[in-house]
Number of protein chains: 4
Amino acid sequence: MDTSPKASDKLRKGNWKQDPDAVKADILRVATEEFATYGLSGGRIDAIAKRSTVSKRMIYYYFGNKEGLYKSVLEGVYAALRESEETLKVGDLEPTEALALLTTTTFDAYAANPEFIRLIAIENIHNAEYLSRSEVIQKLNKTIIDKLADVCDRGKAAGQFRAFADPLELHWTISAFCFYNVSNQATFSASFGDTLHSEQGQVRLRRRLRDIVLGSVVIGYRPENSD
Amino acid sequence: MDTSPKASDKLRKGNWKQDPDAVKADILRVATEEFATYGLSGGRIDAIAKRSTVSKRMIYYYFGNKEGLYKSVLEGVYAALRESEETLKVGDLEPTEALALLTTTTFDAYAANPEFIRLIAIENIHNAEYLSRSEVIQKLNKTIIDKLADVCDRGKAAGQFRAFADPLELHWTISAFCFYNVSNQATFSASFGDTLHSEQGQVRLRRRLRDIVLGSVVIGYRPENSD
Amino acid sequence: MDTSPKASDKLRKGNWKQDPDAVKADILRVATEEFATYGLSGGRIDAIAKRSTVSKRMIYYYFGNKEGLYKSVLEGVYAALRESEETLKVGDLEPTEALALLTTTTFDAYAANPEFIRLIAIENIHNAEYLSRSEVIQKLNKTIIDKLADVCDRGKAAGQFRAFADPLELHWTISAFCFYNVSNQATFSASFGDTLHSEQGQVRLRRRLRDIVLGSVVIGYRPENSD
Amino acid sequence: MDTSPKASDKLRKGNWKQDPDAVKADILRVATEEFATYGLSGGRIDAIAKRSTVSKRMIYYYFGNKEGLYKSVLEGVYAALRESEETLKVGDLEPTEALALLTTTTFDAYAANPEFIRLIAIENIHNAEYLSRSEVIQKLNKTIIDKLADVCDRGKAAGQFRAFADPLELHWTISAFCFYNVSNQATFSASFGDTLHSEQGQVRLRRRLRDIVLGSVVIGYRPENSD
DNA sequence: CATGAATGAGTTTTCATTCAT
DNA sequence: CATGAATGAAAACTCATTCAT
């Protein structure tokens, strides 16, 4: 129990922060929402300032300008994404099970973080120019591929996976499915109804994805009971 | 010497361009580029006017305001896409071949129309609000589902397709892959290199996708020669 | 007598301009004042807009941004300066008289246009970066040198001018004197009183300058009656 | 172990720099650069703080505000200049030589202190309002005039100088040339090339200036060998 | 004495839209 | 129908200065 004057003081009177990391985190949190909702050009610095606990000026103090803030938001999103991938341990699982787990976990992770998906979609509209320029992000992309490479290697060694199974391709396939599921929900529902995005529909889609991914590389894979 | 009122009128007013449809088409063409490149909030009316052959005022004259223009752009690309889907005749093909053709054709169509993809992505960022409000677009979405339904029916009747094969789900699956292939090329390449988006990589991905789609519903499907 | 409706209309109701050149000239006039008084960073776009007849937006419409406006102001100043130099005809005068006239005329011109002097002083503080970048200004600097070259040539040919007389050096000498007279009046007066900048003082200084310039190149020159 | 209150106090507060004069000098040095480069309104307190060894707060602590700092900078450069003028002893020299030395020394001093020149130019743009308000500077201006008065008196007494030779006018003339040489180098070079500001050009100009000044007051003065 | 964090008030700049002709 | 000129409202961004520690 921390009852030191300092800590309680900070909480008691919320007039002044003097805690740069907390302030930065707060700004980033609000900015992530804002940019995810309205895009880079649509997002408003004023709106971010108003919803955060500090003045607009601090955004410039810490992030330089709108693009700097956007870039930081993007880095945060990517870091969180890769961190979540890193957390997942599949090294002890049987190859097929490992791949299944990676697939469904990704499905759930993407579905649980629509903001991240939107921000990546936005970044694609900008031709990934900010992502490309970020030195931070370039470093954190290998984990998931390494994991899939390990699973592939073990699967092939065990004679369970087809020879052409490829980690990068598998990651792409899984990502495509999971990403589109979140990113295009709005237009797909508007065009074809929300059958696939109801709770039931998502459960079914998740199972379909697993079957498709496994079926594409596991020799003789049969969906247990699809419906 | 033609001194008829009509001709002289034209000359007197200096109206060398009197074809409203051509003007509208020109504006739409430029606006499609602009919105696809910069998004709705990022797209500039000024920029559109400057690159088109007419003045800014005409944009307002024909499309009311920025949103109206955006909506028209959206309707335009949707119409073009659905029209291309309509053109494709698969009724005479064997179910498996028909499905394969639908898949690869979609892959090619999406890859050939990145502007369309970007606009849909943008529309999703706006929660499909303009798409939902457009009466025009709602009508255009039945064709592809009807075609897939026909293929599914025939496939199941022939004992070739699994019982759970579903036209909507198939369309969704095909779309997911083909859309993501274009929409996320920038960030995926930035993160993992452009292996999959090289010319070679795309040929391979296209074949993989066909195999995945067919493998997911065709009983006993085996990829002929995947690599 | 122009009594056409158009012209009088414009004058009568000052609500809308629709006369780009007049608007631009008006903005430039006010901006010249503003920048001459407060410098580039000290000058306020708002203030310029308020004092001109049009809205702030028009400044950006016609001049792009603050620097563009400043550059235009600078170009205007230089153009006026060179134009005034061009007007002066000394080709028919005897060399000594010609040089005397060029000198005193420059003295008067600089003294009559303190704004120009200030703007050039300001530009020097900016290391002439805008002047250097202006293609317009680069073209208008030869006239005065040409005139002085002609006077020097004739003076030397007549055996009146010393052999080392140099048009560029003469221009520099005259300029230094006349420029400093205006540009440093404030600090000089603050330090040493305004003896030299009183009306009498200026008359005397002007004559001194003429004597100094003539004395520096005319063989055997004697100031007639200095005081 | 020194546990005297004073020493421990210093350690406790973490004050590793306790020399106010050094701190002030450091701030002034950086501020002089800054204001000389960007002017009063263009100079940034932030930039000064960043380049100096202390924090922004100290600037306000020692100088009150931006204007106070600027005023101190101005006083500093003026003091340095007048001090250098004071150092120069010409009382023992023959009048003509004395005047020649004063002239060339001023030329060199100005050329060696472009920051001083720029600050005076800036101050002139502000109509010398800070200089006028400074009590410190008012006292520093007598020296040079006194020296020139002495030289003039001796020159006239010796029958060498013309009767109208005037110390203030001489100072003004010398200053004008030497000041302009530095202050307007940028625009003059941009307009007419850097002939006069090359190393060779400056040597020649310095000699010319001496000849001009001497020629203006010394009876029968002949430039020895002007080129 | 000293610092980094924080800010209000102002300044530049942008942009969809409308007006006079 | 068509245009260039014009704008208000809002957005990004800046900067001297002050505050809590």
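Small disclaimer: the values here were computed from a predicted structure and weren't measured. In what follows, chains carry the letters A, B, and so on, assigned in the order in which the sequence lines appear, proteins first and then strands, with residues in each chain numbered from 1.
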Considering only atom P, compute the distance from F:dT21 to E:dC1 and round it to an integer number of Å.
22 Å
So A:G42, base contact, sugar-phosphate only, or nothing? Heavy-atom distance under 4.0 Å.
nothing
Base, sugar-phosphate alone, or nothing: which one does B:G43 contact when heavy atoms must sit under 4.0 Å apart?
sugar-phosphate
Heavy-atom donor-acceptor pair, [X] side chain to [Y] backbone, under 3.5 Å:
{"X": "B:N124", "Y": "B:I120", "value": "yes"}
{"X": "C:S41", "Y": "D:G42", "value": "yes"}
{"X": "D:E34", "Y": "D:R44", "value": "yes"}
{"X": "D:E123", "Y": "D:L131", "value": "yes"}
{"X": "B:S134", "Y": "B:Y130", "value": "no"}

Rounded interatomic separation in angstrom, taking [atom1] from [X] and [atom2] from [N]:
{"X": "A:L69", "N": "F:dA12", "atom1": "CG", "atom2": "P", "value": "10 Å"}
{"X": "D:K50", "N": "E:dG4", "atom1": "NZ", "atom2": "P", "value": "11 Å"}
{"X": "A:L40", "N": "F:dA12", "atom1": "CG", "atom2": "C1'", "value": "12 Å"}
{"X": "D:E34", "N": "F:dA16", "atom1": "CD", "atom2": "C1'", "value": "13 Å"}
{"X": "B:D46", "N": "F:dG4", "atom1": "CG", "atom2": "C1'", "value": "12 Å"}
{"X": "A:D19", "N": "E:dA6", "atom1": "CG", "atom2": "P", "value": "8 Å"}
{"X": "A:I59", "N": "E:dA5", "atom1": "CD1", "atom2": "C1'", "value": "15 Å"}
{"X": "C:I27", "N": "F:dA5", "atom1": "CD1", "atom2": "P", "value": "12 Å"}

Candidates [options] - which lies nearest the side chain of [X]:
{"X": "A:V23", "options": "F:dT17, F:dC13, E:dA6", "answer": "E:dA6"}
{"X": "B:Y60", "options": "E:dT13, F:dT7, E:dT18", "answer": "E:dT18"}
{"X": "D:R57", "options": "E:dT18, F:dA16, E:dG4", "answer": "E:dG4"}
{"X": "C:K66", "options": "E:dG10, E:dT12, F:dA6", "answer": "E:dT12"}

Has [X] got a side-chain N or O lying under 4.0 Å from the OP1 or OP2 atom of [N]?
{"X": "D:Y62", "N": "E:dC1", "value": "no"}
{"X": "C:Y61", "N": "F:dA6", "value": "no"}
{"X": "A:R44", "N": "F:dA11", "value": "yes"}

Non-hydrogen side-chain atoms of B:V77 and B:E115 separated by less than 4.5 Å
no
In a check of ring-ring contact (aromatic ring centres under 6.0 Å, His included) between A:Y70 and each of A:F35, A:F63, A:Y38, which one passes?
A:F35
Do you know which two heavy atoms are closest between D:R51 and D:E33, and how far apart they sit?
NH2-OE1, 3.4 Å
Dot-bracket encoding per residue of DNA chain E, Watson-Crick/G-U cut-off under 3.5 Å, | denoting interstrand:
.||||||||||||||||||||
First of C:S55 and A:A47 reached from the 5' end of DNA chain F, by closest nucleotide:
C:S55
Pairwise 5' ranking along DNA chain F for A:G64 and C:M58, keeping only the more 5' one:
C:M58
Between D:K56 and C:N65, whichever has its closest DNA chain E nucleotide further toward 5' is D:K56
